[in-house]
Amino acid sequence: MMFETPQDTYKAYERFLKKREFKKAYRCLEKMLHEFPDDEMLLEDITDLCIVSWENSKMGRPWLTKLAKRRSLWIDYSLLSHIETELENFTKAREYLQTAKRLQKKQSWAPHPKKNPKRVFAELEGLIKFKEWNACTKKRVESSELRVKNEKLQTQKSGNKIGKSGQKPEVENIIRGASTQKTQTSVPSYSIPVKTTPFSEEKFRPFIESKRSTLN
């Protein structure tokens, strides 16, 4: 049975990296870091693999955090600030930026990118502000769209609701109102005075007997 040495694993990592098989390359470095958890070179490799080659900030963040705590270089914290900004963790991004500024004052000897540190910090501050504004705008738009959607749903629900009579609420209300008005309408009444007198047979006798009678 053949055993794989750390050198074999590292060579496999290099082969996978060359083929751009980043997931397999990551597994190789991850395996080695289980054996050598404090190896700075391996931490640099896995951080560079995730963030630069693979462009997977979420995978690289925990390794970069471990590397930054181990060697406390300002460049590591400025990179952490950039990653947290991209992931919209703005409070953490500002914390890392302040740490990077504080360390840079004491580490003029430390390796740094081609850009001047002050320019790096200025660009980071601008990026944080822009991303934060963009995130707030996006939330406002989403909140507004959700409110409009809910209002439409409520309108549709109330419009499709059917009353006991089988009619929609607005129709049923009109019918109920008309019925109530009809019930409450009173029929007008009038009083006419009528005077009656008992029948007088004597006055009509001439007509009965076919005799002439006065007009009165």
Spacing of [atom1] belonging to [X] relative to [atom2] belonging to [Y], to within rounding of 0.5 Å:
X    : Y    : atom1 : atom2 : answer
L79  : L73  : CG    : CG    : 12.0 Å
K129 : R94  : NZ    : CZ    : 8.0 Å
C28  : E21  : SG    : CD    : 10.0 Å
I51  : I46  : CD1   : CD1   : 10.5 Å
N89  : K131 : CG    : NZ    : 12.5 Å
M41  : M32  : CE    : CE    : 6.5 Å

Item to complete: Just do the side chain to side chain contact (heavy atoms under 4.5 Å, CB included) check on N56 and Y26 with the steps written out, would you?
Response: CA-CA 11 Å; N56 192 332; Y26 178 84; over 6 Å; no
Fill in: Modelled atom types, side-chain donor and acceptor of D45 and Y10, under 3.5 Å
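Distance-only check passes for D45 and Y10.
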Worksheet entry | Residues T5 and D8: side-chain donor-acceptor under 3.5 angstrom |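 Judged by distance alone, the side chains do pair up.
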Taking every non-hydrogen atom, the tightest pair across [X] and [Y]:
X   : Y    : value
L17 : S53  : CD1-OG, 4.1 Å
T85 : A93  : OG1-CB, 3.3 Å
P37 : K66  : O-NZ, 3.0 Å
W74 : A100 : CB-O, 3.3 Å
D76 : A68  : CB-CB, 3.7 Å
T47 : L64  : OG1-N, 3.6 Å

Indicate, with yes or no, if [Y] and [X] share a hydrophobic cluster defined by side-chain heavy-atom contacts under 4.5 Å among Ile, Leu, Val, Met, Phe, Trp and Tyr.
X    : Y    : value
L80  : L87  : yes
I83  : F130 : no
F121 : L127 : no

Salt-bridge present ([X], [Y]; N to O < 4.0 Å):
X    : Y    : answer
E30  : R27  : yes
K92  : E95  : yes
R119 : E123 : yes
E88  : K139 : no

Fill in: Derivation and outcome, side chain to side chain contact (heavy atoms under 4.5 Å, CB included), residues N150 and L146
CA-CA 6 Å; N150 288 335; L146 182 61; 3.9 Å; yes
For [Y], is there any backbone N or O sitting under 3.5 Å from a side-chain donor or acceptor partner on [X]?
X   : Y   : result
E40 : R70 : no
S78 : I75 : yes
E35 : P6  : no
T65 : R61 : yes

Item to complete: Classify the ring geometry between Y96 and Y77 as parallel (under 30°), tilted (30 to 60°) or perpendicular (over 60°).
Response: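 Answer is tilted, since the angle falls between 30° and 60°.
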Practice prompt. Verify the neighbour count for atom CD of E55: are there more than 12 heavy atoms of other residues, nucleotides or ligands below 6.0 Å?
Written response: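 At most 12 heavy atoms, drawn from other residues, nucleotides or ligands, come within 6.0 Å of this atom.
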Worksheet item: Would you say L33 and W63 make side-chain contact, with heavy atoms under 4.5 Å?
Response: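 The answer is yes, as the side chains (C-beta and beyond) meet within the 4.5 Å cut-off.
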Worksheet entry | Side chains of I128 and S81 in contact at under 4.5 Å (non-hydrogen atoms) |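 Yes, side chains in contact.
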Fill in: CA sep, side-chain torsions, deciding dist, call: E4, K31, side chain to side chain contact (heavy atoms under 4.5 Å, CB included)
CA-CA 11 Å; E4 189 179 66; K31 180 181 177 182; 2.9 Å; yes
Worksheet item: Given the rule in the side chain to side chain contact (heavy atoms under 4.5 Å, CB included) test, do H82 and E86 qualify, once you have shown the distances and angles that lead to the verdict?
Response: CA-CA 6 Å; H82 188 278; E86 291 294 337; 3.7 Å; yes
